[in-house]
Amino acid sequence: MTNSKLMFDALILGGGVSGMSCALVLGSAKNKAFVNDKKIGVFTHQKNSSLQEAIINNAYGITPGKLGADLLFESIQHLSETYPHIEQIPNEKVLKIEDEFAGFIVTTNKNSYKTKIIVVAIGSSNTFAIDGLLQYVETHQKSLAEKQRIQLKNTDHKVTEGIYVTGTLAGLRSQVAIAAGSGAAVATDILTLWNNNIQTHSHDSIKK
């Protein structure tokens, strides 16, 4: 049963690179007038992230030799410490998405949540099985055919009204820097939407 107390303005499905990047940028905009009343959450399930076995040597801003598993763990800490208002939802697997008036119901193996915006930030494995999104699945356009990867049909990360997709599932190549940029791009699209469609971003500065 859906708990009305669990209504979100934006809910990010996935705690990998693109999902956490999206969460961090949304979190950093907390002092903007059009964001400070927004409730944002992220499912921090990382078990199936392709980063679990990675060693990163070629990503801007990441110390060479960084283990992907460490980066995933550190990203959760980073979000908790810097933007604690972003609600982290661990150990839940999303099973179904349903349309509801002015938003969606996201059902996991443990709970249900209401949200106005969904960001789908999970991997491009052909085991993808979220009911309510299967109609958008197509063959990945930038992956070797033998890998049998999939993507969600989208235009500039937008799947349909209220649903965005990031990273490899958006049809992008599997690269840490690309995934991070993809999540950040979707965050700024959401911020722009919340800002009455006036183009915006979120920067910090030593001058402030």
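Evaluation of the side chain to side chain donor-acceptor pair (under 3.5 Å) rule for S80 yields Q88 as partners, not counting sequence neighbours. Legend: residues meeting side chain to side chain contact (heavy atoms under 4.5 Å, CB included) with I150, ordered by chain and number and at least two apart, are N126, F128, V137, L169. Legend: residues meeting side chain to side chain donor-acceptor pair (under 3.5 Å) with S143, ordered by chain and number and at least two apart, are absent.
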Take I130 and I122 through the side chain to side chain contact (heavy atoms under 4.5 Å, CB included) test and state the conclusion after the steps.
CA-CA 11 Å; I130 298 178; I122 61 179; 3.8 Å; yes
Starting from the C-alpha separation in whole Å, work towards a yes-or-no answer on salt bridge (charged side-chain N to carboxylate O under 4.0 Å, His left out) for K39 and D9.
CA-CA 5 Å; K39 184 173 177 61; D9 292 282; over 6 Å; no
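In this structure a side-chain-to-backbone donor-acceptor pair under 3.5 Å is present from S28 to V25. Side-chain atoms of D99 never come within 3.5 Å of backbone atoms of F104 as a donor-acceptor pair (strictly under, hydrogens ignored). The main-chain N or O of G167 is found under 3.5 Å from a side-chain atom of S182 such that the two form a donor-acceptor pair. A distance-only check finds a donor-acceptor pair linking the side chain of K32 to the backbone of H201 [under 3.5 Å]. Judged by distance alone, with hydrogens and angles left aside, the side-chain atoms of T82 form a donor-acceptor pair with the main-chain N or O of H78 at under 3.5 Å.
Under the 4.5 Å side-chain criterion, counting only non-hydrogen atoms from C-beta, K110 is not in contact with I89. Side chains of I55 and L67 form a contact here, defined as non-hydrogen atoms less than 4.5 Å apart. Residues Y164 and N154 have side chains not in contact (no heavy-atom distance under 4.5 Å, counting atoms from C-beta outward).
Taking both residues in full, the closest heavy atoms of G183 and T166 are given as CA-CG2, 4.0 Å, listed atom of the first, atom of the second, then distance.
Of the N and O atoms on the side chains of H140 and T168, not one donor lies less than 3.5 Å from an acceptor on the other residue. Using modelled atom types and a 3.5 Å distance limit, the side chains of E87 and Y113 yield no donor-acceptor pair.
Taking the six-membered ring where tryptophan is involved, the planes of H85 and Y83 are perpendicular, since the angle between them exceeds 60° and thus also 30°.
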